[in-house]
Amino acid sequence: FPSHDKVEQTLHELLVTEAFSHIGVKEVGGNNRGPMVEKFQAAVGPAGKYQPWCASFVWFCISRFGAEKCCLKKTAHVMTMWSSAPQYARKKYGAPGYLMVWRKYDSEGKPLADGHIGVVREHMHGTVYSCIEGNTSDDSGVNRDGDGVYLRTRNSGARGSMRCVGFLDPWATP
């Protein structure tokens, strides 16, 4: 029987594999629309329909195998997921299968309610991570309302209108 750590590691690996399998999915028929996008949105219930879907994408991936063990709130709203997360699930550094969380800030540096989230695929070096993200774009910068699922390189120390607030371990235990 595998140790608890091995089970957690397996869930993290499964999350990365599941998220990676959706790279290339694009919106179809309008903003926040399309057959796969609507499946992602349905993972969080009716509140996700036609809404920005980065958090819904994450929940869809988690729901494929590990939702019953996940310690995070099922929601389409990134900052609700972050603020309601148990302290032990919040991490300063990322690892494969963790969730990288960004918050939007206004021009005066005040935090706003909008955010963005993605699945860490790899910690590359220092503050640089490879992430799989839904509802983003293949452009530079953190786009919280793009057109598809992309593999992006992100710097958790970067400053701008979207800033990394930390990482979440979906299967952390106290």
Side-chain angles (χ1 to χ4, degrees), residues 1-28 32-102 115-124 129-136 142 144 146-154 156 164-174:
F1 189 78
S3 72
H4 190 294
D5 289 341
K6 182 61 179 165
V7 171
E8 286 183 25
Q9 180 184 9
T10 301
L11 290 172
H12 292 100
E13 290 170 351
L14 286 168
L15 179 57
V16 171
T17 300
E18 179 66 29
F20 191 83
S21 75
H22 297 289
I23 290 174
V25 168
K26 297 256 183 121
E27 294 177 347
V28 176
N32 300 322
R33 305 268 198 290
M36 279 307 298
V37 169
E38 289 166 24
K39 284 184 181 182
F40 299 151
Q41 293 163 329
V44 296
K49 192 169 187 173
Y50 304 132
Q51 297 301 310
W53 49 276
C54 58
S56 298
F57 169 70
V58 165
W59 263 105
F60 175 86
C61 294
I62 289 171
S63 73
R64 306 292 283 176
F65 56 83
E68 67 283 349
K69 295 179 181 172
C70 184
C71 64
L72 305 176
K73 181 175 183 163
K74 180 165 63 169
T75 177
H77 190 258
V78 174
M79 294 320 300
T80 298
M81 191 184 306
W82 174 260
S83 64
S84 66
Q87 196 62 42
Y88 60 82
R90 295 181 189 188
K91 307 294 180 183
K92 188 175 179 180
Y93 303 102
Y98 282 21
L99 308 176
M100 190 171 187
V101 179
W102 294 268
H116 184 65
I117 194 166
V119 176
V120 174
R121 178 176 181 234
E122 176 186 9
H123 177 211
M124 298 170 81
Y129 297 85
S130 170
C131 295
I132 306 157
E133 303 165 28
N135 200 32
T136 194
V142 179
R144 67 169 299 277
D147 68 351
V149 179
Y150 294 92
L151 180 63
R152 300 294 314 272
T153 300
R154 302 293 192 192
S156 65
C164 178
V165 294
F167 299 85
L168 293 172
D169 178 353
W171 297 284
T173 54

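None of the values given here were measured: they were computed from a predicted structure.
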S.K.: Determine, stepwise, if the pair Val149 / Trp53 fulfils side-chain contact (heavy atoms from CB on, under 4.5 Å).
M.R.: CA-CA 10 Å; Val149 179; Trp53 49 276; 3.8 Å; yes
S.K.: Of all heavy-atom pairs between Ala172 and Ala89, which one has the smallest distance, and what is that distance?
M.R.: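 The pair with the smallest heavy-atom distance is CB-CA, 3.7 Å.
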S.K.: Rounded to the nearest 0.5 Å, how far does CZ of Phe60 lie from CD of Glu38?
M.R.: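 Glu38 CD to Phe60 CZ: 13.0 Å, rounded to 0.5 Å.
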S.K.: Lys49: which residues meet the side-chain contact (heavy atoms from CB on, under 4.5 Å) condition with it, sequence neighbours left out?
M.R.: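 Counting only residues at least two positions away or on another chain, Lys49 forms no side-chain contact (heavy atoms from CB on, under 4.5 Å).
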S.K.: Give, for atom CG of Leu14 and atom CZ of Phe65, the distance between the pair rounded to the nearest 0.5 Å.
M.R.: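 Going from the CG atom of Leu14 to the CZ atom of Phe65 covers 5.0 Å.
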S.K.: Let me confirm one number: the SG-CE distance from Cys164 to Met100, rounded to the nearest 0.5 Å.
M.R.: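 It is 4.0 Å, given to the nearest 0.5 Å.
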S.K.: Shortest non-hydrogen contact from Ser56 to Val44?
M.R.: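 It is OG-CG2, 3.4 Å.
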S.K.: Please evaluate residues Asn32 and Gln51 with respect to the criterion side-chain contact (heavy atoms from CB on, under 4.5 Å), reporting the C-alpha separation (whole Å), side-chain torsions for both, the decisive distance (0.1 Å), and the verdict.
M.R.: CA-CA 6 Å; Asn32 300 322; Gln51 297 301 310; 5.7 Å; no
S.K.: Name the orientation class of the two ring planes belonging to His12 and Tyr98 (parallel below 30°, tilted from 30 to 60°, perpendicular beyond 60°).
M.R.: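 Answer is tilted, since the angle falls between 30° and 60°.
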S.K.: Looking at side-chain heavy atoms only, is the closest gap between Trp171 and Ile62 below 4.5 Å?
M.R.: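 Of all side-chain heavy-atom pairs linking Ile62 with Trp171, at least one is under 4.5 Å.
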S.K.: State, to 0.1 Å, how close Pro170 and Leu15 come at their nearest heavy-atom pair, and which atoms those are.
M.R.: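 Looks like CG-CD2, 4.2 Å.
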S.K.: Can you classify the ring geometry of His22 versus Phe57 as parallel (below 30°), tilted (30 to 60°) or perpendicular (above 60°)?
M.R.: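 Perpendicular.
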S.K.: Among residues two or more places apart or on two chains, list those pairs meeting side chain to side chain donor-acceptor pair (under 3.5 Å) that have a residue in residues 78-92.
M.R.: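 Side chain to side chain donor-acceptor pair (under 3.5 Å) check on residues 78-92 returns His77-Thr80.
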S.K.: For Val16 versus Gly97, what's the shortest heavy-atom pair and its separation?
M.R.: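 In terms of heavy atoms, the two residues are closest at CG2-N, 3.3 Å.
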S.K.: Hey, does Val78 have a side-chain heavy atom less than 4.5 Å from the side chain of Val101?
M.R.: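 They are in contact (side-chain heavy atoms under 4.5 Å apart), so the answer is yes.
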S.K.: Return the CZ to OG1 distance between Arg154 and Thr136, rounded to the nearest 0.5 Å.
M.R.: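 With rounding to 0.5 Å, CZ (Arg154) is 5.0 Å from OG1 (Thr136).
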S.K.: Once ring-ring contact (aromatic ring centres under 6.0 Å, His included) is applied, do any residues pair with Phe167, and if so which ones, sequence neighbours excluded?
M.R.: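 Testing Phe167 for ring-ring contact (aromatic ring centres under 6.0 Å, His included), a comparison that skips the adjacent residues, returns Tyr129.
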S.K.: Calculate, to the nearest 0.5 Å, the distance between atoms CD and CG belonging to Glu27 and Asp147 respectively.
M.R.: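 Between atom CD of Glu27 and atom CG of Asp147 there are 6.0 Å.
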S.K.: Considering non-hydrogen atoms only, spot the tightest contact between Ser63 and Ala67 and give its length.
M.R.: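 Scanning both residues completely, I find the closest heavy atoms to be CA-CB, 3.9 Å.
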S.K.: Which residues pass the ring-ring contact (aromatic ring centres under 6.0 Å, His included) test with Trp102, sequence neighbours left out?
M.R.: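 Trp102 satisfies ring-ring contact (aromatic ring centres under 6.0 Å, His included) with His116 once adjacent residues are dropped.
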S.K.: May I ask you to decide if Tyr150's main-chain N or O and Glu133's side chain share a donor-acceptor pair within less than 3.5 Å?
M.R.: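 Not confirmed, Glu133 side chain does not pair with Tyr150 backbone.
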S.K.: What distance separates Asn135 CG from Ile117 CD1, expressed to the nearest 0.5 Å?
M.R.: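 Nearest 0.5 Å value for the CG-CD1 distance: 12.5 Å.
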S.K.: Can you tell me which residue pairs pass the salt bridge (Lys or Arg N to Asp or Glu O under 4.0 Å) test with a partner in residues 52-66, sequence neighbours excluded?
M.R.: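 Every salt bridge (Lys or Arg N to Asp or Glu O under 4.0 Å) pair that includes a residue of residues 52-66, provided the two are not neighbours, is Glu18-Arg64.
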S.K.: Quick one: are Ser130 and Met124 in side-chain contact, heavy atoms under 4.5 Å?
M.R.: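 Answer yes - side chains close enough.
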S.K.: Can you give me the closest heavy-atom contact between Ala76 and Gly48, atom names plus distance?
M.R.: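 Minimum heavy-atom contact is CB-CA, 4.1 Å.
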S.K.: Given side chains that start at C-beta, do those of Leu72 and Leu99 come closer than 4.5 Å, heavy atoms only?
M.R.: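 Heavy-atom side-chain distance check passes, below 4.5 Å.
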S.K.: Tell me which pairs pass salt bridge (Lys or Arg N to Asp or Glu O under 4.0 Å) where either residue lies in residues 72-86, with sequence neighbours left out.
M.R.: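 Output for this query is empty, none listed.
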